[in-house]
Trainee: 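Please see the structure below; I have some questions.
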Amino acid sequence: MFNKRIKIKELLAQEPTGQEVTVMGWVRTFRNNQFIALNDGSTNNNLQVVAGLGKFDDELLKRITTSASLKVTGAIVPSLGKGQKMDMNATSIEILGDSDAEKYPLQPKKHSLEFLREIAHLRFRTNTFGSVFRVRHSLAFAIHKFFNDKGFVYMHTPIITASDAEGAGEMFRVTTLPFDEKNEKTPRNEDGSINFKEDFFGRATNLTVSGQLEGELGATAFGEIYTFGPTFRAENSNTARHLAEFWMIEPEMAFCDLEDNANLAEEFIKYLIQYAMNNNREDLEFLAQRLSDEEKQLPQDKRSEMGLMEKLEFVLTNNFERLTYTEAIDILKESNHNKKKKFQYEITGWGMDLQSEHERFLVEKHFKKPVILTNYPAAIKSFYMRLNEDGKTVAAMDILAPGIGEIVGGSQREERLDKLEDRMKEMNIPAEELWWYMDTRRFGTVPHAGFGLGFERMVQFVTGMTNIRDVIAFPRTPKSAEF
Ligand code: 4AD
Ligand code: MG
């Protein structure tokens, strides 16, 4: 058996008593032809391996270069140096893989996040990305634990669909047709449009923008389900909070109204934060320090008022502010910010869609905590949201988080068939194609609700990373699909 190693994280938690162990990992640095900082990805903390002078031949020592991979066996003893409690006195060093230090793009110095994005295939080997992706893993695990403990059924909704769940037309086409304007082989209708009947699925299909519609089918059978999978949006938004491929968690609950929905979402977000604080403290403290260093470059008024740990603690211990869209518009209208014409997009009044600068004002300047905005005008929200008594707003909710903006979008669903049909007609959503969705309203319809949490935005919030491209392994954004 090859792998009889101990992970460095586990080893560092032990007391150094001379125990003999084997570790494997990648060289971070090699000093004085003697001290190897070895990292195996289990923690940012390296094991200091001591290659005693005269014990190893020069040929071998020359091959101990940055990022070479090693298998090392030795005794664990108290460290004589400062900064670590133990050393490994190596008795055997085996080079598993050489690394040409001249060509290796990561040098033992600080690299910019922009540069690291260009070498995203290697950036996991840095402390920052080690921490970010261990936290991301933890949050993914916590999501399943949260819902499993509550008896929700994890539902795998399709990635290829024929419907547009959000009705926003931001879809990536999926096709096997020979596809270009002039191609004579492309099957066409008489009017020249593409004949998708000839396509693989016999109809036009796309990558899913949301698993919600199928999730509603699940909820109206199991009672409570959640999805957790990749979703795709062909929106041409080049911002620090948009991806073309992102992961979304979508719980859907039968017998549930907007308030129940908001309660669950708040509990869920707090649970995830608490989970990371309990299980990833070391990585979060590293990321908190990183963020504070990054912010030192900014002018005073652009810096956060709280450090990362403080912010997470604060969110845990305070209720989210809840208010209606109508109240939010009043606050924005009356704000000094608006009166001094500091918004780029003017507050035109009730009915307008909120821009992210407006959301951020509410969260970061006005309330200084997460906000749940409810009951938006029907005209600016999706077709499936439940019409309120007033006939002009819907039972929608968005959760806005400091530094992020919208982190959750959800609603109580329109469970009344006639009202749903009216709304779909108004918004030009083809009800015939969604016959299967409408069936849930025909056969034992129930009040139900759900929401979608953008996973990467949640990871951003917990890790304090300012660009969404740095919390997903291989970001897909307009004009960029490397790796
Ligand atoms: O508000 P959205 O579009 O809602 C839905 O998709 C509903 N079907 C959810 C539901 O009720 N089941 O998206 C939900 C969340 C947003 O609040 C945001 O956090 C995230 O998904 N999101 C994105 N994250 C990264 N990049 C993008 N382009 C995103 N678009 C939405
Ligand atoms: Mg939304």
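Nothing fancy with the numbering, it's 1 onward along the sequence. Remember, it's 1-based here, ligands and their atoms both numbered in the order they're listed. Excluded from the calculations below are hydrogen atoms, water molecules and symmetry mates; all remaining heavy atoms, backbone and side chain alike, are included.
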Trainee: Do you know which of Thr393, Thr326, Asn388 makes side-chain hydrogen bond (donor to acceptor under 3.5 Å, both in side chains) with Asn375?
Mentor: Asn388
Trainee: Between ligand 1 and Gly454, is the shortest N or O to N or O distance under 3.5 Å?
Mentor: yes
Trainee: Could you tell me which atoms of ligand 1, counted from 1 in the order shown, lie closer than 4.0 angstrom to a heavy atom of Tyr384?
Mentor: 7 (C), 8 (N)
Trainee: Heavy-atom contact check, 4.0 Å cutoff: does Phe232 meet ligand 1?
Mentor: no
Trainee: Just distances here: any N/O of Glu166 and N/O of ligand 1 closer than 3.5 Å?
Mentor: yes
Trainee: Considering non-hydrogen atoms of the protein only, which is the closest contact for atom 14 (C) of ligand 1, and what is the distance?
Mentor: Met248 SD, 3.4 Å
Trainee: To check your reading of the model: name the closest protein heavy atom to atom 19 (O) of ligand 1, its residue, and the distance in Å.
Mentor: Ile407 O, 2.8 Å
Trainee: To the nearest 0.1 Å, how far is atom 18 (C) of ligand 1 from its closest protein heavy atom, and which atom is that?
Mentor: Arg457 NH1, 3.5 Å
Trainee: Among side-chain atoms of Tyr104 and Ser99, is any donor-acceptor pair under 3.5 angstrom?
Mentor: no
Trainee: Val408 heavy atoms, cut-off 4.0 Å: which ligand 1 atoms fall inside?
Mentor: 17 (O)
Trainee: Among all protein non-hydrogen atoms, which one is nearest to atom 16 (C) of ligand 1, and what is the separation to 0.1 Å?
Mentor: Glu406 OE2, 3.3 Å
Trainee: Ring centroids only, cut at 6.0 angstrom: are Phe232 and Phe172 within range, meaning strictly under it?
Mentor: no
Trainee: With distance as the sole test, does Arg134 use its side chain to make a donor-acceptor pair with the main-chain N or O of Asn280 at under 3.5 Å?
Mentor: no
Trainee: Heavy-atom contact check, 4.0 Å cutoff: does Gly410 meet ligand 1?
Mentor: yes
Trainee: Is Arg281 salt-bridged to Glu285, cutoff N-O under 4.0 Å?
Mentor: yes
Trainee: Below 3.5 angstrom, do we get any N/O pair linking Gln212 and ligand 1?
Mentor: yes
Trainee: Taking everything shown except Lys9 itself, do over 12 heavy atoms lie less than 6.0 Å from its NZ?
Mentor: no
Trainee: Return the residue, atom name and 0.1 Å-rounded distance of the protein heavy atom closest to atom 15 (C) of ligand 1.
Mentor: Gly452 O, 3.6 Å
Trainee: Are Phe228 and Tyr154 close enough that their ring centers fall under 6.0 Å?
Mentor: no
Trainee: Which atoms of ligand 1 are found less than 4.0 Å from any heavy atom of Glu235?
Mentor: 27 (C), 28 (N), 30 (N)
Trainee: Do Glu295 and Ser304 have side-chain N/O donor and acceptor atoms under 3.5 Å apart?
Mentor: yes
Trainee: Can a non-hydrogen atom of Gln412 be found less than 4.0 Å from any atom of ligand 1?
Mentor: no
Trainee: Could you tell me, atom by atom, which parts of ligand 1 come under 4.0 Å of a heavy atom of Gly409?
Mentor: 1 (O), 9 (C), 10 (C), 11 (O), 17 (O)
Trainee: Under 4.0 Å, heavy-atom basis, I'd like to know which part of Asp398 is in contact with ligand 1: side chain, backbone, both or neither.
Mentor: neither
Trainee: For atom 26 (N) of ligand 1, what's the nearest protein heavy atom and its distance?
Mentor: Leu243 N, 2.9 Å
Trainee: Against ligand 1, does Met458 come closer than 4.0 Å with any heavy atom?
Mentor: no
Trainee: With only distance considered, is Val209 within less than 3.5 Å of ligand 1 through an N or O on each side?
Mentor: no
Trainee: Side chains of Glu10 and Ser42: do they bring a donor and an acceptor to under 3.5 Å?
Mentor: no
Trainee: Please report whether the ring centroid of Phe268 lies less than 6.0 Å from that of Phe147.
Mentor: yes
Trainee: Determine whether any heavy atom of Glu456 lies closer than 4.0 Å to an atom of ligand 1.
Mentor: no
Trainee: Within ligand 1, which atoms have a heavy atom of Arg241 less than 4.0 Å away?
Mentor: 25 (C), 26 (N)
Trainee: If you have a sec, work out which protein heavy atom is nearest atom 22 (N) of ligand 1 and how many Å separate them, to one decimal?
Mentor: Phe246 CE1, 3.5 Å
Trainee: Quick check: Arg233 and ligand 1, any N/O pair under 3.5 Å apart?
Mentor: yes
Trainee: Can you sort out which atoms of ligand 1 are near Glu250, meaning under 4.0 Å from one of its heavy atoms?
Mentor: 7 (C), 8 (N), 9 (C), 10 (C), 12 (N)
Trainee: Side chains of Ser411 and Arg413: donor-acceptor distance under 3.5 Å anywhere?
Mentor: yes
Trainee: Indicate whether the side chain of Glu216 and that of Tyr437 have a donor and an acceptor atom separated by less than 3.5 Å.
Mentor: yes
Trainee: Under 3.5 Å, is there a donor-acceptor pair linking the side chains of Gln289 and Asp293?
Mentor: yes
Trainee: Between Phe361 and Phe343, is the ring centroid distance below 6.0 Å?
Mentor: yes
Trainee: May I ask you to check whether over 12 heavy atoms, not counting those of Glu305, lie within 6.0 Å of atom CD?
Mentor: no
Trainee: Tell me which protein heavy atom sits closest to atom 11 (O) of ligand 1, plus the residue, atom name and distance to 0.1 Å.
Mentor: Arg413 NH2, 2.9 Å
Trainee: If you look at Glu406, which of its N/O/S atoms is nearest to the Mg ion (ligand 2)?
Mentor: OE2
